[in-house]
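What follows is a single structure, written as structure tokens, with notes after it.
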Amino acid sequence: MEFRRPISLLLAASFMIGCSDSSGPSTPTSSTASVKGKVIDGYVSGATIFLDINNNGLLDKGEPNTLSTSAGEYNLELNASDQLCLDYVPIIVDVPVGAIDEDLGPVNAAYQLVLPASKADIHESNHITPLTTLAWDAMSIELSKDYFEVGCEGIKNNTELHKRLLTTLDQSTVDLGGIYNLTPEQIYGDFIANGDTAAHELAMNIVVGYQKSFAERADLIASGANVWSYAYTFLEATERYADEKQRGYKWLLDYAYSRPTSALRHEQLEGSVFFKSDFADRIDKTYRHLDNTNAELDEHGAMRKYGVVAYLNDFDNPSYQCTTQVLIENIYTDINTDFTSYQRSSPPFNVANVALCVYQALLPEAIEAEEIRRDLWNQKFAAFFQDSLSSLADLDLDDFSHISAEIDSWPVAWDESFNFDNQPHSWYKQITESISGTYVTTARNQDGYIHKTTTNSDGTYVRECPTDPNVMYPEVPSFSPNACQ
């Protein structure tokens with residue numbers, strides 16, 4: 001599947017889809033109201049706050065906006081139509097060079113802060129900080145590209161996109177609690193007024209990463225790249241990456257972007273890099289480079305890709321396992337989830353650095369592994385073959401219609417028994433069902449049931465695991481949250 005991790009701060013294109021006054025899940029209390037709060041790193045004055053109605057990460061003509069004043073205070077006035085959009089798109093803060101941070105003085109490198117969509121409340125204080133921006137970044141990783149390609153009106157009219165938004169909002173709070181040991185009150189509160197020095201120090205360090213990623217991302221976009229993820233994580237504030245921190249690494253950069261290489265081709269780059277405090281001493285942890293064809297191969301719009309992926313073997317004596325990959329897939333969307341992907345991989349070979357991990361033609365006799373994915377509406381299927389290959393290995397990789405037909409002849413549906421002449425090394429099935437106003441997602445694999453997640457209409461969810469892991473389909477086990485411990 002093509003890597004889709006868009007962050008609205010990263011997008012350069014402007015999708016001019018406005019927000020109308022049609023009904024939505026929120027009802028304005030008056031024709032005009034205000035979102036109020038503070039812009040906080042230290043308290044920041046001179047920053048521009050705007051409701052990103054067309055969801056492109058930029059302040060465009062007609063979008064409501066205001067400036068922060070002393071103590072970072074802002075008052076963003078919204079008409080009735082704009083108030084409806086608070087449920088669907090974020091509030092963004094442009095902090096320019098010359099704005100005043102009451103802790104650090106004049107800002108010398110521009111950056112952006114974000115209050116996630118659906119978090120603003122005209123009846124409460126709405127603070128916008130590096131911590132709320134972390135929550136938005138965590139959400140953006142999980143939101144599909146479809147969310148960022150439509151504005152308020154498009155999201156409002158798409159139940160699936162709005163459900164995904166609410167689910168990821170709740171999940172981002174859980175994720176930040178696990179990574180940075182933050183409570184929701186710390187994430188969305190005024191950590192200066194609350195005397196929360198730990199959250200304040202974390203926010204100040206995070207801004208260093210935001211400033212660096214903001215500048216580097218802008219350079220990539222200016223060069224013609226489509227950047228859907230580019231962010232630095234401050235490691236010292238997390239409870240993870242103990243091994244890396246012990247070796248003196250302070251930052252982690254996760255990136256994913258594509259850029260054109262010709263009229264019919266573009267390259268796709270993804271990876272993670274650890275840096276020490278001065279950002280000069282670096283080591284690549286993962287690296288992936290794919291060359292993609294833009295040309296449609298058939299009526300499904302399938303693309304062929306080929307490239308490499310590299311994984312670090314050892315921090316102390318850096319070397320990498322490099323694997324050649326070729327794959328063909330159509331375009332995945334949350335609106336039309338009819339997706340097929342087929343990938344072939346070579347045996348891994350060692351290289352001294354990622355620059356030496358370059359594509360080599362993958363001959364049929366050199367195929368070591370296959371990955372298959374099939375999504376159709378509310379069901380997902382994936383399988384991994386290694387050494388003992390599937391029937392797809394004998395097909396022409398350019399013949400997507402034949403590949404798709406062969407995969408669809410397999411027992412990929414949730415209620416089908418999984419039997420093959422050559423059993424895959426592993427497989428996975430998932431189904432999502434609408435039950436009494438909730439969405440219930442159940443997953444199982446070759447070893448049995450994995451989990452069941454019930455998502456409520458407000459985005460909150462309960463994750464449960466089987467109490468008896470030995471129960472196999474078509475039998476259904478009992479599930480309990482306690483079984484997930």
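The backbone N or O of G154 lies less than 3.5 Å from no partner atom in the side chain of N158, so there is not a single donor-acceptor pair. Side chain of D375 to backbone of D338: no donor-acceptor contact under 3.5 angstrom is found. A donor-acceptor pair under 3.5 Å links the side-chain atoms of R374 to the main chain of F339, judged by distance alone.
Partner D291 forms a side-chain hydrogen bond (donor to acceptor under 3.5 Å, both in side chains) with one of H266, R265, R304 and no other, that one being R265.
Between H425 and F385, a ring centre-to-centre spacing not shorter than 6.0 Å is recorded. The six-membered or imidazole ring of Y88 lies near that of H162, with a centre-to-centre distance under 6.0 Å. Note: Y311 and Y287 fail the aromatic proximity criterion, with ring centroids not under 6.0 Å apart. The ring of Y359 has its center closer than 6.0 angstrom to the ring center of Y306. Checked against a 6.0 Å centroid threshold, the rings of F234 and W251 count as neighbours.
Rounding to the nearest 0.5 angstrom, the gap separating the OG atom in S229 from the CG atom in D254 is 6.0 Å.
For R444 and W414, the positive end sits near the middle of the six-membered ring, less than 6.0 Å away and at most 45° from its axis. Cation-pi geometry between K36 and Y74 is not met: the NZ or CZ atom fails to fall both under 6.0 Å from the ring centre and inside 45° of the normal.
For the pair P348 and E368, the tightest heavy-atom approach, listed with the atom from each and the gap, is CD-OE1, 3.7 Å.
Inspection of the Y232 and E216 side chains reveals an N or O donor paired with an N or O acceptor under 3.5 Å. Side-chain atoms of Y473 and E475 include no donor-acceptor pair closer than 3.5 Å. Between the side chains of D121 and N126, no donor-acceptor pair of N or O atoms lies under 3.5 Å.
Under the 4.0 Å criterion applied to side-chain N and carboxylate O atoms, K305 and E329 are assigned as salt-bridge partners. We find that D243 and K245 are not joined by a salt bridge, their nearest charged nitrogen and carboxylate oxygen being 4.0 Å or further apart.
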